[in-house]
Amino acid sequence: MPSAMNVAKSLVSISQFNKGQAARIFDRLHSEPQLIVLKNNQPTAFILSPDEYDRLTEMEEDYALLLEAYERLEKHGNEPCIPMADVMARHGIVESDLDERE
């Protein structure tokens, strides 16, 4: 959980954009994952670094896959399954083929 000090450091007033400081604000994203833009002292927007955006997007995708896995387990939980090694052998796939795809 972010500390109050870290949150305070990530605050940016919208007036800084109006004063032509956008480039300097965006440069901060090299060292900070996100910035909180304030308008009338209220959070109005978040600016994310590309790395932070990628991290959050990947987390969302992982969560969606986890939900899908749980749904499949609930639907087919008691049915027999085929081990991955058997499927790979049947289709001529070896472990190194999977590693190359990563």
Inset, instruction - Please step through side-chain contact (heavy atoms from CB on, under 4.5 Å) for the pair R90 and I82, ending with a clear verdict. - result: CA-CA 11 Å; R90 183 182 310 152; I82 303 169; 4.1 Å; yes
Inset, instruction - Tell me whether F46 is reachable from V12 by hopping between hydrophobic residues (I, L, V, M, F, W, Y) whose side-chain heavy atoms are closer than 4.5 Å. - result: no
Legend entry - Neighbour count above 12 (heavy atom, 6.0 Å) for F17 CZ: yes
Legend entry - Side-chain heavy atoms of I47 within contact of V37, under 4.5 Å: yes
Inset, instruction - State plainly whether the residues E71 and K75 are in salt-bridge range, i.e. N to O under 4.0 Å. - result: no
Inset, instruction - Evaluate the criterion side-chain contact (heavy atoms from CB on, under 4.5 Å) for residue pair E61 and L56; output intermediate values, then yes/no. - result: CA-CA 9 Å; E61 291 170 357; L56 292 173; over 6 Å; no
Legend entry - Validation row: P43, L38 side chains within 4.5 angstrom (heavy atoms): yes
Legend entry - Reported CZ-to-CD distance for the pair R28 and Q21, which is rounded to 0.5 angstrom: 10.0 Å
Legend entry - Check: V94 and M88 side chains under 4.5 Å, non-hydrogen atoms: no
Legend entry - Point-to-point distance, once rounded to the nearest 0.5 Å, from NZ of K19 to CD1 of I14: 12.5 Å
Inset, instruction - To the nearest 0.5 Å, tell me how far S13 OG sits from I36 CD1. - result: 13.0 Å
Inset, instruction - Report, as yes or no, whether the 6.0 Å neighbourhood of atom CG on D86 holds more than 12 heavy atoms from other residues, nucleotides or ligands. - result: yes
Legend entry - More than 12 heavy atoms from other groups under 6.0 Å of CG on N41: no
Legend entry - Same apolar cluster: M84 and I93, side chain cutoff 4.5 Å: yes
Inset, instruction - Locate the shortest heavy-atom distance separating S10 from E32; write the atom from each residue and the value. - result: CA-OE1, 3.7 Å
Legend entry - Residue pair L35 / F26, side-chain heavy-atom distance below 4.5 Å: no
Legend entry - Check: L29 main-chain N/O paired with S31 side-chain donor or acceptor under 3.5 Å: no
Inset, instruction - Determine, for E52 against R55, whether the closest basic-nitrogen to carboxylate-oxygen distance falls under 4.0 angstrom. - result: yes
Inset, instruction - Supply the atom-to-atom distance E60 CD to L65 CG, rounded to the nearest 0.5 angstrom. - result: 11.0 Å
